[in-house]
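Notes to accompany the following structure.
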Number of protein chains: 2
Amino acid sequence: MTRQISDSTDPRIPHSVSRTGMLKEGGTRLSSFLTSTQRRLLRNSVLFHDGDPQTSIYEITEGTIKTSKILMDGRRQIIGFLGAGDLVGEPFEEEAQYCAEAVTDVTVLCYPILQLEAAITRSPALARQMMQVVHQASAHQMDHIISLGRKHPAERVASFLVTWHANMSKNSCESRTLSLPMSRIDIADYLGLTQETVCRVLSKFKRQGIIQAKPGREVTIYDLRSLEYMAETVFVN
Amino acid sequence: MTRQISDSTDPRIPHSVSRTGMLKEGGTRLSSFLTSTQRRLLRNSVLFHDGDPQTSIYEITEGTIKTSKILMDGRRQIIGFLGAGDLVGEPFEEEAQYCAEAVTDVTVLCYPILQLEAAITRSPALARQMMQVVHQASAHQMDHIISLGRKHPAERVASFLVTWHANMSKNSCESRTLSLPMSRIDIADYLGLTQETVCRVLSKFKRQGIIQAKPGREVTIYDLRSLEYMAETVFVN
DNA sequence: CGGATTCTTGATCACACTCAAGGAGCGTGG
DNA sequence: CCACGCTCCTTGAGTGTGATCAAGAATCCG
């Protein structure tokens with residue numbers, strides 16, 4: 001629960017391209033419209049709980065955050081994993097609709113939600129941008145719904161790996177080796193499976209030579225095509 | 001595929017409260033910002049396919065529409081059921097992200113997407129309203145994700161009945177009897193189940209005296225409390 | 001009234017979950 | 001630096017549940 005709030009530092013951040021997430025930024029950064037406060041989170045700490053009053057929108061500059069909802073008997077569904085460039089929090093909502101936790105050590109920029117809402121009302125450009133952000137989040141959720149509703153376990157894991165790989169490729173240089181900073185349980189709770197099933201699927205992929213596991217939650221993809229084939233079964237037209 | 005396009009008629013429509021959907025309207029209607037064309041769809045006809053170029057946003061004034069995506073081997077996931085007051089289609093998207101079909105005979109108002117986008121850029125009030133519409137759709141999708149990822153079949157069906165009942169109660173007068181205009185297969189494809197499982201769950205609810213089935217796809221709810229208990233297992237805080 | 005579709009129920013099967021145990025990796029402290 | 005302990009990961013065995021396959025009943029619609 002240790003939270004370190006740094007002084008309001010330079011809101012400008014390095015060249016990082018936006019990624020799919022709960023909220024996704026279009027191209028211009030919020031920092032060109034608003035001032036922000038930087039904040040650091042330790043691994044496993046909570047940015048906000050489900051139901052907390054929303055005071056800020058957060059832009060991730062480093063690290064990975066997971067958003068989730070919990071059922072009364074403890075079942076958990078992870079809604080998404082967010083990384084550098086993604087926004088966490090919803091404008092025009094008084095309460096948080098989900099819980100946001102740091103998967104790794106994380107740095108975020110905090111934008112007071114009232115300022116953001118005022119800026120949206122003032123600036124059509126920002127409004128349009130935020131709409132696209134919300135919309136892309138919605139598109140991502142739609143893919144998630146299809147995975148959870150109609151895909152087999154191996155297809156879900158393949159989809160997850162392909163999507164995560166695409167995210168990584170956008171942010172850093174293209175590489176076959178990904179770091180999956182979240183635990184197997186997190187992946188399972190994202191994919192609507194158990195950690196054992198996730199493990200077994202990954203082991204099968206290893207045996208088939210599609211991927212190779214490395215120490216430190218890293219995975220090397222040897223046959224991206226196979227993963228994409230298993231994942232992208234969506235038919236258009 | 002018979003499509004009847006009526007003359008541009010009075011865009012004003014009766015007092016119908018908005019409902020949860022792909023896009024949900026806040027309170028003011030689009031018709032106060034834009035002109036529209038009315039269009040009627042026969043049951044089972046397609047409003048647009050997945051991947052079609054998007055030319056319009058549609059506001060449903062009567063009937064029920066389902067949105068879905070299909071996997072290559074025929075598996076189908078229904079994303080949502082939309083009714084009077086809901087919007088179908090996404091601004092700032094060139095292509096439709098899903099297929100929209102009429103479950104019943106449907107009447108919609110068509111708003112040219114370019115006009116809508118221009119109006120959004122012009123009017124911060126409309127932009128804010130559209131943001132909330134998109135956001136509420138996203139909130140609904142989040143509930144869907146939780147159902148699909150972590151709820152048991154009976155809980156999913158209960159959630160569906162409760163949500164649908166709430167929608168109906170908002171639109172018309174409060175009543176224990178709902179019409180479920182969609183087929184069992186549609187419900188199954190929405191809930192990530194098979195039609196047989198949906199049937200069995202409904203039969204169990206009947207045996208338990210929670211609901212009663214009536215001819216014509218109608219259902220009477222005798223014990224809403226039980227359904228809500230099964231459905232609303234979401235834990236906050 | 002007849003044909004087609006949809007709905008319901010039953011029997012069987014496969015697969016993912018549960019329960020359990022061992023192993024690997026990591027962090028901490030001596 | 002190594003040893004220890006903890007957490008996380010992996011694999012196995014067995015079970016339960018929802019999917020599949022199949023047939024009959026009800027309902028819709030012409």
Side-chain angles (χ1 to χ4, degrees), chain A residues 2 42-44 66 71 73-78 101 103-105 147-158 160-161 179-208 211-219 230, chain B residues 2 42-44 66 71 73-78 101 103-105 147-158 160-161 179-208 211-219 230:
Chain A
T2 314
L42 295 179
R43 199 163 72 93
N44 296 327
K66 62 187 175 194
L71 301 189
D73 60 358
R75 283 174 285 178
R76 184 180 65 155
Q77 178 63 44
I78 290 186
E101 295 164 276
V103 173
T104 63
D105 290 351
S147 276
L148 295 174
R150 285 294 175 232
K151 287 189 187 173
H152 302 303
E155 295 169 333
R156 298 187 201 182
V157 174
F160 172 72
L161 289 175
S179 85
L180 298 175
M182 68 295 288
S183 70
R184 294 288 187 268
I185 293 183
D186 283 346
I187 298 175
D189 284 348
Y190 177 73
L191 297 176
L193 303 169
T194 60
Q195 61 169 336
E196 292 95 330
T197 299
V198 172
C199 263
R200 277 185 253 269
V201 169
L202 289 174
S203 296
K204 197 180 73 176
F205 288 171
K206 285 178 217 162
R207 260 179 277 124
Q208 295 173 336
I211 64 170
Q212 184 186 333
K214 300 202 166 182
R217 289 183 173 176
E218 291 208 330
V219 167
M230 281 188 276
Chain B
T2 312
L42 295 179
R43 200 162 73 92
N44 296 327
K66 63 187 176 195
L71 301 189
D73 60 358
R75 284 175 283 178
R76 184 181 65 153
Q77 178 64 43
I78 288 186
E101 294 163 275
V103 173
T104 62
D105 288 352
S147 276
L148 295 174
R150 284 294 175 232
K151 287 189 187 172
H152 302 302
E155 295 169 333
R156 297 187 201 182
V157 175
F160 172 72
L161 289 175
S179 85
L180 298 176
M182 68 293 291
S183 70
R184 295 286 187 268
I185 293 183
D186 283 346
I187 298 174
D189 284 348
Y190 177 73
L191 296 176
L193 303 168
T194 60
Q195 61 169 338
E196 292 94 331
T197 298
V198 171
C199 264
R200 276 184 253 270
V201 169
L202 289 174
S203 296
K204 197 179 72 174
F205 288 171
K206 283 179 217 159
R207 262 178 277 125
Q208 295 172 336
I211 64 169
Q212 184 186 332
K214 300 200 168 182
R217 290 184 174 174
E218 290 209 331
V219 167
M230 282 189 276

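Side chains are part of it too, since the values below use all heavy atoms of this structure and drop only hydrogens, waters and symmetry mates. If you're wondering where the values come from, they're calculated on a predicted model, not measured in any experiment.
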* Asked: Separation of A:Arg75 atom CZ from C:dT18 atom P, in whole Å?
  -> 10 Å

Filtered N/O pairs between nucleotides 4-6 of chain D and protein, under 3.5 Å:
none

* Report yes if at least one side-chain N or O of A:Ser183 is closer than 4.0 Å to OP1 or OP2 of D:dC8; otherwise report no. => no

* Structure fact -> Between CG of A:Leu148 and C1' of C:dA16 the distance, given in whole Å, is 15 Å

* Whether over 12 other heavy atoms sit under 6.0 Å from A:Arg43 CZ -> no

* To do: Answer yes or no: is there a donor N or O on one side and an acceptor on the other, between the side chain of A:Glu218 and the main chain of A:Leu180, under 3.5 Å?
  => no

* Nucleotide C:dA16, atom C1' - distance to CD of A:Glu155 in whole Å -> 14 Å

* Structure fact -> Between NZ of A:Lys151 and P of D:dA19 the distance, given in whole Å, is 18 Å

* B:Leu202 CG - D:dA26 C1' separation (whole Å) -> 15 Å

* To do: Could you state the atom-to-atom distance from CD of A:Glu218 to P of C:dC26 in whole Å?
  => 10 Å

* Taking atom CG of A:Leu71 and atom CD of B:Glu155, what is their separation to the nearest 0.5 Å? -> 7.5 Å

* To do: Please round to the nearest 0.5 Å and tell me the distance separating atom OG1 of A:Thr104 and atom CG of A:Asn44.
  => 9.5 Å

* First locate atom NZ of A:Lys206, then atom SG of A:Cys199, and finally report the distance between them rounded to the nearest 0.5 Å. => 7.0 Å

* **NZ on A:Lys151 to CE on A:Met230, rounded to 0.5 Å** => 11.0 Å

* Asked: Excluding sequence neighbours, so at least two apart, what forms side chain to side chain donor-acceptor pair (under 3.5 Å) with A:Gln212?
  -> A:Tyr222

* **Interatomic distance, B:Lys204 atom NZ to B:Arg200 atom CZ [nearest 0.5 angstrom]** => 12.0 Å

* Structure fact -> The residue among A:Val201, A:Ile187, A:Thr197 that forms side-chain contact (heavy atoms from CB on, under 4.5 Å) with A:Val157 is A:Val201

* Determine whether B:Leu161 and B:Phe205 make a side-chain contact, defined as any pair of heavy atoms from C-beta on separated by less than 4.5 Å. => yes

So which protein N/O to nucleotides 11-14 of chain D N/O distances come out below 3.5 Å?
| from | atom 1 | to | atom 2 | distance (Å) |
| --- | --- | --- | --- | --- |
| D:dT11 | OP2 | A:Ser203 | OG | 2.1 |
| D:dG12 | N7 | A:Arg200 | NH1 | 2.8 |
| D:dG12 | O6 | A:Arg200 | NH2 | 3.3 |

* Asked: Can B:Gln77 and A:Ser147 be said to form a side chain to side chain contact (heavy atoms under 4.5 Å, CB included), step by step?
  -> CA-CA 9 Å; B:Gln77 178 64 43; A:Ser147 276; over 6 Å; no

* Structure fact -> Of all heavy-atom pairs linking B:Ile78 and B:Tyr190, the shortest is O-CD1, 3.4 Å

Dump every N/O contact between nucleotides 27-30 of chain D and the protein below 3.5 Å, one line per pair.
| from | atom 1 | to | atom 2 | distance (Å) |
| --- | --- | --- | --- | --- |
| D:dC28 | OP1 | B:Gly216 | N | 3.1 |
| D:dC29 | OP1 | B:Arg43 | NH2 | 3.4 |

* Structure fact -> For DNA chain C, the expected dot-bracket line (Watson-Crick or G-U under 3.5 Å, [ ] crossing, | inter-strand) is ||||||||||||||||||||||||||||||

* Distance in angstrom units between B:Arg184 CZ and D:dA19 P, rounded -> 16 Å

* Please work out if A:Leu193 contacts a base, only the sugar-phosphate, or nothing of the nucleic acid, heavy-atom cut-off 4.0 Å. => sugar-phosphate

* **Pairs flagged by salt bridge (Lys or Arg N to Asp or Glu O under 4.0 Å) wherever residues 182-194 of chain A is involved - sequence neighbours left out** => A:Lys66-A:Asp186, A:Arg76-A:Asp186, A:Arg76-A:Asp189, A:Asp189-B:Arg150

* **Rounded interatomic separation in angstrom, taking CG from B:Asp186 and P from C:dT5** => 16 Å

* Structure fact -> To the nearest 0.5 Å, atom CD of B:Glu101 lies from atom CE of B:Met182 at 13.0 Å

